[in-house]
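Working notes, beginning with the structure itself.
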There are 2 protein chains.
Amino acid sequence: MNNIDTIIEHAEQNCKSHGSRLTTKRKQVLSLLVQTSKALSAYDLIDLFVKENGEKIPAMSVYRILDFLEAEHLVHKLKLANKYIACSHITCKHDHGVPQFLICSVCNVVKEITVNKSTINELNQSVEKAGFKLVSPQLEINCICNDCLATAA
Amino acid sequence: MNNIDTIIEHAEQNCKSHGSRLTTKRKQVLSLLVQTSKALSAYDLIDLFVKENGEKIPAMSVYRILDFLEAEHLVHKLKLANKYIACSHITCKHDHGVPQFLICSVCNVVKEITVNKSTINELNQSVEKAGFKLVSPQLEINCICNDCLATAA
DNA sequence: TAGCGAGATGTTACAACATATCATTTATGT
DNA sequence: ACATAAATGATATGTTGTAACATCTCGCTA
């Protein structure tokens with residue numbers, strides 16, 4: 001039993017505990033995301049799915065499964081990149097601060113960083129004052145990574 | 001000469017001053033964005049363009065014009081919503097702090113708020129430490145507005 | 001002022017991301 | 001075992017954005 005199986009197992013128990021089902025297909029898709037630990041598009045997942053499982057999966061199913069996994073807080077959709085990643089909470093029990101996603105707008109690489117909690121709290125206060133609510137304390141931040149910056153110059 | 005004409009005129013001078021041309025089509029598109037002061041998708045602009053000017057415009061042209069206007073810092077692309085807005089700097093000469101965009105993920109309404117400069121600086125430091133660079137100090141923040149929150153409940 | 005060249009626009013086709021709709025299959029409780 | 005609800009399949013289509021190549025227009029220079 002390797003680490004990924006443990007994670008999937010854990011996710012399944014989580015689902016079961018409140019009456020939802022982590023079916024085979026859903027496990028397969030989640031597993032792909034957990035294994036790569038990178039952000040993947042729905043169509044990346046379709047391709048990977050065939051490679052890993054020797055079986056096709058319709059786009060519709062992948063989107064439905066991703067919706068389900070999002071609702072279960074097992075994956076996170078990065079709207080800036082139209083990509084999906086396994087939620088870091090699956091593998092990590094304790095918060096070490098508030099994770100934020102840095103997304104390189106050139107090469108689409110995604111990096112998760114930790115930001116001072118007080119900084120996020122300040123931001124949150126400004127947001128609430130404006131009559132909005134943060135969807136998630138995990139911001140998607142549009143950046144350029146140093147590699148791309150160097151290449152462009 | 002109304003306010004919008006003044007803005008367009010000003011933008012045109014700006015372009016001229018460094019050798020780029022704010023052509024008729026570009027003015028028409030910019031004008032649509034300045035008038036509505038809301039975030040519009042490229043295809044919203046195509047529809048509006050026909051209504052306002054009684055003349056069709058191809059998607060390709062709109063995208064090219066938006067790229068141009070972005071490069072001129074006359075419009076800003078909201079990647080979270082795949083929409084475009086007139087840059088607030090067109091109408092406002094002085095910075096009143098650092099503007100941030102709050103985007104309601106349900107109804108897509110966009111609100112520009114001001115956040116404490118020190119908060120942004122702290123965030124920026126975390127980003128740089130991770131080897132990334134903010135594309136713009138203007139973050140796009142994925143939120144839910146109170147109206148949608150109330151409706152959902 | 002004719003015509004050259006760069007930049008702007010038109011046209012067509014298509015790629016990538018996502019959803020609507022309705023049919024079929026599978027799982028679960030009684 | 002059967003009724004029901006949930007999950008998945010299949011097909012079509014919507015939305016956002018780009019590639020590639022043709023044509024036009026403006027401003028410069030000979």
Side-chain angles (χ1 to χ4, degrees), chain A residues 11-12 15-30 32-33 39-50 53-72 74-85 103 105-108 110 140 142, chain B residues 11-12 15-30 32-33 39-50 53 55-72 74-85 103 105-106 108 140:
Chain A
E12 186 168 21
C15 288
K16 226 171 223 167
S17 75
H18 59 277
S20 70
R21 282 147 44 195
L22 195 62
T23 64
T24 305
K25 292 262 150 84
R26 286 167 177 173
K27 272 187 218 171
Q28 288 170 320
V29 171
L30 178 57
L32 294 174
L33 281 167
L40 298 172
S41 76
Y43 284 81
D44 289 341
L45 283 167
I46 290 171
D47 293 344
L48 260 183
F49 192 98
V50 177
N53 305 298
E55 184 193 347
K56 272 190 228 171
I57 187 164
M60 192 69 254
S61 291
V62 170
Y63 281 107
R64 279 194 286 228
I65 288 169
L66 288 169
D67 283 350
F68 171 86
L69 295 174
E70 247 199 303
E72 296 292 332
L74 295 170
V75 311
H76 184 80
K77 171 167 189 177
L78 298 175
K79 297 204 180 187
L80 271 181
N82 291 323
K83 284 182 175 14
Y84 303 81
I85 54 170
I103 305 173
S105 58
V106 178
C107 69
N108 266 333
V110 177
E140 300 173 32
N142 191 21
Chain B
E12 185 167 22
C15 288
K16 226 171 223 168
S17 75
H18 58 279
S20 70
R21 280 148 47 194
L22 194 64
T23 63
T24 306
K25 291 261 151 87
R26 287 167 175 173
K27 272 189 216 170
Q28 286 169 323
V29 170
L30 178 58
L32 293 174
L33 281 167
L40 299 172
S41 76
Y43 286 81
D44 289 341
L45 282 167
I46 289 171
D47 294 344
L48 260 184
F49 192 98
V50 176
N53 306 298
E55 183 192 348
K56 272 191 228 172
I57 188 164
M60 191 70 252
S61 291
V62 170
Y63 280 107
R64 278 193 287 229
I65 287 168
L66 288 170
D67 283 350
F68 170 86
L69 295 174
E70 246 198 304
E72 296 291 334
L74 294 171
V75 311
H76 185 81
K77 171 167 188 176
L78 298 174
K79 296 204 180 187
L80 271 182
N82 292 323
K83 285 183 177 2
Y84 303 81
I85 54 171
I103 305 173
S105 58
V106 178
N108 267 332
E140 300 173 31

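Throughout, a chain's letter reflects where its sequence line sits, starting with A, and its residues are numbered from 1. Since the model is a prediction, treat every value here as computed from it, not as a measurement.
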Expressed in angstrom and rounded to an integer, what is the separation of [X] atom [atom1] from [N] atom [atom2]?
| X | N | atom1 | atom2 | answer |
| --- | --- | --- | --- | --- |
| B/D47 | D/dG14 | CG | P | 14 Å |
| A/D67 | D/dA6 | CG | C1' | 15 Å |
| A/L30 | D/dA7 | CG | P | 15 Å |
| B/E12 | D/dC26 | CD | P | 14 Å |
| B/K79 | D/dT16 | NZ | P | 16 Å |
| A/L22 | D/dA6 | CG | P | 17 Å |
| A/L66 | D/dT8 | CG | P | 12 Å |

State which residues pass side chain to side chain donor-acceptor pair (under 3.5 Å) with [X]; sequence neighbours excluded, sorted by chain then number.
| X | answer |
| --- | --- |
| B/T23 | none |
| A/N82 | none |
| B/S61 | none |

Report task. For residues A/L66 and A/K77, determine if any side-chain heavy atom of one lies less than 4.5 Å from a side-chain heavy atom of the other. Result -> no
Report task. Identify, with sequence neighbours excluded, every residue that meets salt bridge (Lys or Arg N to Asp or Glu O under 4.0 Å) alongside A/K25. Result ->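 A/K25 satisfies salt bridge (Lys or Arg N to Asp or Glu O under 4.0 Å) with A/E55 once adjacent residues are dropped.
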Query - salt bridge (Lys or Arg N to Asp or Glu O under 4.0 Å) involving A/K27 - partner list, sequence neighbours excluded - result: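 Only A/E12 meet the salt bridge (Lys or Arg N to Asp or Glu O under 4.0 Å) criterion with A/K27.
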Query - Nucleic acid footprint by protein, nucleotides 5-17 of chain C - heavy-atom cut-off 4.0 Å, B for base, S for sugar-phosphate alone - result: ---SBBB-----B
